[in-house]
Amino acid sequence: RILPKLTLNRSKGRLLMKISNLLEKDFKIVEKKKIWFIIPACIVAVAIAVMVIFGVTTGEPLNLGMDFTGGYTINVSLSTKLTDSTYQTYTEQVTDIIEALKDENGNSYGLKVANIQRQGSGDTAALYVKYKAAPDADDARMNDEINPAIEEALGEVFKIIPAVTSEGDNHTVTYSDFRLVDDTFKQKSESIKAAVSGASGFALSDDRKSITFTASGVSESFVADVIEAATIDDRYSGQARKSDSVSATVSGELLTDALLAISLAIVLMLVYIAFRFEVSSGLSAIVALLHDIIIMFSFMAIFHIEISSTFIAALITILGYSINNTIIVFDRIRENSKSLYYKNSTATFIANQSIRETLMRSINTSITTLITIAM
């Protein structure tokens, strides 16, 4: 029992020793400032190039979400057909239908699906689809032409088509993945009666999944006529419900308020740091702040990540972390500058030492934040 514990303690001790030696190492951070300036400059340059490429090829330098651009939503009700195993298939199918939709002249509308969410379960299961407006299409065209075309296209694909079996004059219409309600049963019975001469004796099964009826002297097109009459294409399932518009909220009041709040925060932080330390410290803190924001924005552009309301939250979070880390380092520099131990040391040495002393704290803060995000 004792030996494994001693071995574990030695391993922990060696790991802590390695970390300690790493933190004690003089990385000469200040002397390598050109490297720290060149790396972010290259990242920003790549981001600008990527934005230019996307701007030329797609007309959208940044992947702005519906929170910024506005758009439309539509519900595709699938009832019990929508399950964990079929969700991905239906999501891809809906996306393909909307993005491939064309006008009467065969020209693509250029629609883009922004997001698809699963809602409800069982008989109420549906896909909630968000999509951006077609390029150069105003609200009138979207509401009068494009949105109805989407509803029709989705409705055609997700119709519930039954199977028909016959034994003599007795016939059964079976819906394998849909339960009938009274209104639908009556509607389909009348449709079959109109399509098949002499059809009578309609009855609904106990599980509400099949309709039985009698008919004699059936024609060659009997099965096709019954299937066409019995197909479910109404509001109960497999139907795209009326679309709604989503205003560009973030691009309006929310975005303006966020920018005003950030600007005010930066000014107040500059005043605080200038009062607590000195004016040059305040200015350098703001420069570091802008650097962090620009780098975040650059990665969003390079990887074409959608910029939505979450981006504003992330931006404000980074502002808080950045200024907090900066103040911690500045405070350690001030303490070391006043220390008798470093009275004969250069400013460069004190800066390097202060960064090294606060490095573990910065690493721990980042790790604990990442753990929370992951959870």
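Computation of the quantities below employed the complete heavy-atom set of this structure, encompassing side-chain atoms and omitting hydrogens, waters and symmetry-equivalent molecules. In this text, all values refer to a predicted model and were calculated from it rather than measured experimentally.
One finds a salt bridge joining Arg118 and Asp84 here, because a Lys/Arg side-chain nitrogen approaches an Asp/Glu carboxylate oxygen to under 4.0 Å.
Looking at Thr358, its side chain never comes within 3.5 Å of a backbone N or O of Val329 through a donor-acceptor pair. With hydrogens and angles disregarded, no donor-acceptor distance shorter than 3.5 Å links the side chain of Ser221 to the backbone of Ala224. Using modelled atom types, no side-chain atom of Tyr175 and backbone atom of Thr231 make a donor-acceptor pair closer than 3.5 Å. Although no hydrogens or angles enter the test, the distance criterion places no donor-acceptor pair under 3.5 Å between the side chain of Ser322 and the main chain of Ile318. With hydrogens and angles disregarded, a donor-acceptor distance shorter than 3.5 Å links the side chain of Trp36 to the backbone of Ile29. Proximity of a side-chain donor or acceptor of Asp207 to a complementary backbone N or O of Lys209 within less than 3.5 Å is detected. At distances below 3.5 Å, at least one donor-acceptor pair connects side-chain atoms of Arg208 with backbone N or O atoms of Leu180. Although no hydrogens or angles enter the test, the distance criterion places no donor-acceptor pair under 3.5 Å between the side chain of Ser308 and the main chain of Gly65. Side chain of Ser108 to backbone of Gly110: a donor-acceptor contact under 3.5 angstrom is found. Of the possible polar contacts, none joining the Lys338 side chain to the Ile333 backbone as a donor-acceptor pair under 3.5 Å is found.
For the atom pair OH (Tyr131) and CG (Leu101), the distance works out to 9.5 Å, reported to the nearest 0.5 Å. The distance from the CD1 atom of Ile323 to the CD1 atom of Ile266 is 8.5 Å, given to the nearest 0.5 Å. Considering CD of Gln93 and CD1 of Ile116, their distance stands at 10.5 Å, rounded to 0.5 Å. Atoms NE2 and CD1, from His291 and Ile286 in turn, are 14.5 Å apart once rounded to the nearest 0.5 Å. Taking CZ from Phe37 and NZ from Lys32, the interatomic distance works out to 15.0 Å, rounded to the nearest 0.5 Å. Annotation: the span from Ser219 atom OG to Asp225 atom CG amounts to 5.5 Å, rounded to 0.5 Å.
Counting only N and O atoms by type, the side chains of Ser354 and Asn336 include a donor and acceptor under 3.5 Å apart. Residues Glu306 and Asn115 bring no donor and acceptor atom of their side chains to less than 3.5 Å of each other. In summary, the side chains of Tyr109 and Asp136 do not present any donor paired with an acceptor at a separation below 3.5 Å, with no hydrogens or angles considered. A side-chain N or O of Ser205 and one of Ser210 form a donor-acceptor pair less than 3.5 Å apart.
For residues 96-105, no pair satisfies salt bridge (Lys or Arg N to Asp or Glu O under 4.0 Å), with sequence neighbours left out. Sequence neighbours left out, the pairs with a member in residues 268-277 that pass salt bridge (Lys or Arg N to Asp or Glu O under 4.0 Å) are Arg276-Asp331.
Listed by chain and residue number, Thr83 satisfy the side-chain hydrogen bond (donor to acceptor under 3.5 Å, both in side chains) test with Thr86 (two or more places apart in sequence, or in another chain). Residues passing the ring-ring contact (aromatic ring centres under 6.0 Å, His included) test with Phe54, sequence neighbours excluded: His304. Partners of Glu145 by salt bridge (charged side-chain N to carboxylate O under 4.0 Å, His left out), not counting sequence neighbours, listed by chain and number: Arg141. Applying the ring-ring contact (aromatic ring centres under 6.0 Å, His included) rule to Phe213 yields the partners His171, Phe202; only residues at least two apart in sequence or on another chain are considered.
The minimum heavy-atom distance linking Thr326 with Ala288 is given by the pair OG1-CB, 4.4 Å. Between Ser189 and Ile211, the closest heavy-atom pair is OG-CG2, 4.4 Å.
Between Ile305 and Phe299, the closest side-chain pair of non-hydrogen atoms is not below 4.5 Å. Using a 4.5 Å cut-off on side-chain heavy atoms (C-beta onward), Val44 and Phe297 make no contact. Within the 4.5 Å cutoff, side-chain heavy atoms of Val196 are placed close to those of Val226. For the pair Lys193/Lys188, no side-chain contact is recorded, criterion being any heavy-atom separation below 4.5 Å from C-beta on. The shortest distance between side-chain heavy atoms of Leu111 and Lys132 does not fall below 4.5 Å. Looking at Val50 and Phe303, their side chains never come closer than 4.5 Å, going by heavy atoms from C-beta outward. The side-chain heavy atoms of Met300 and Leu62, taken from C-beta on, include no pair separated by under 4.5 Å. By the 4.5 Å heavy-atom criterion applied to side chains, Phe277 and Arg334 are counted as neighbours.
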(Q) Walk me through whether Ser200 and Thr214 qualify under side-chain hydrogen bond (donor to acceptor under 3.5 Å, both in side chains). (A) CA-CA 5 Å; Ser200 61; Thr214 59; 3.3 Å; yes
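Under the 4.5 Å side-chain heavy-atom criterion for Ile, Leu, Val, Met, Phe, Trp and Tyr, Val46 and Ile293 are members of the same hydrophobic cluster.
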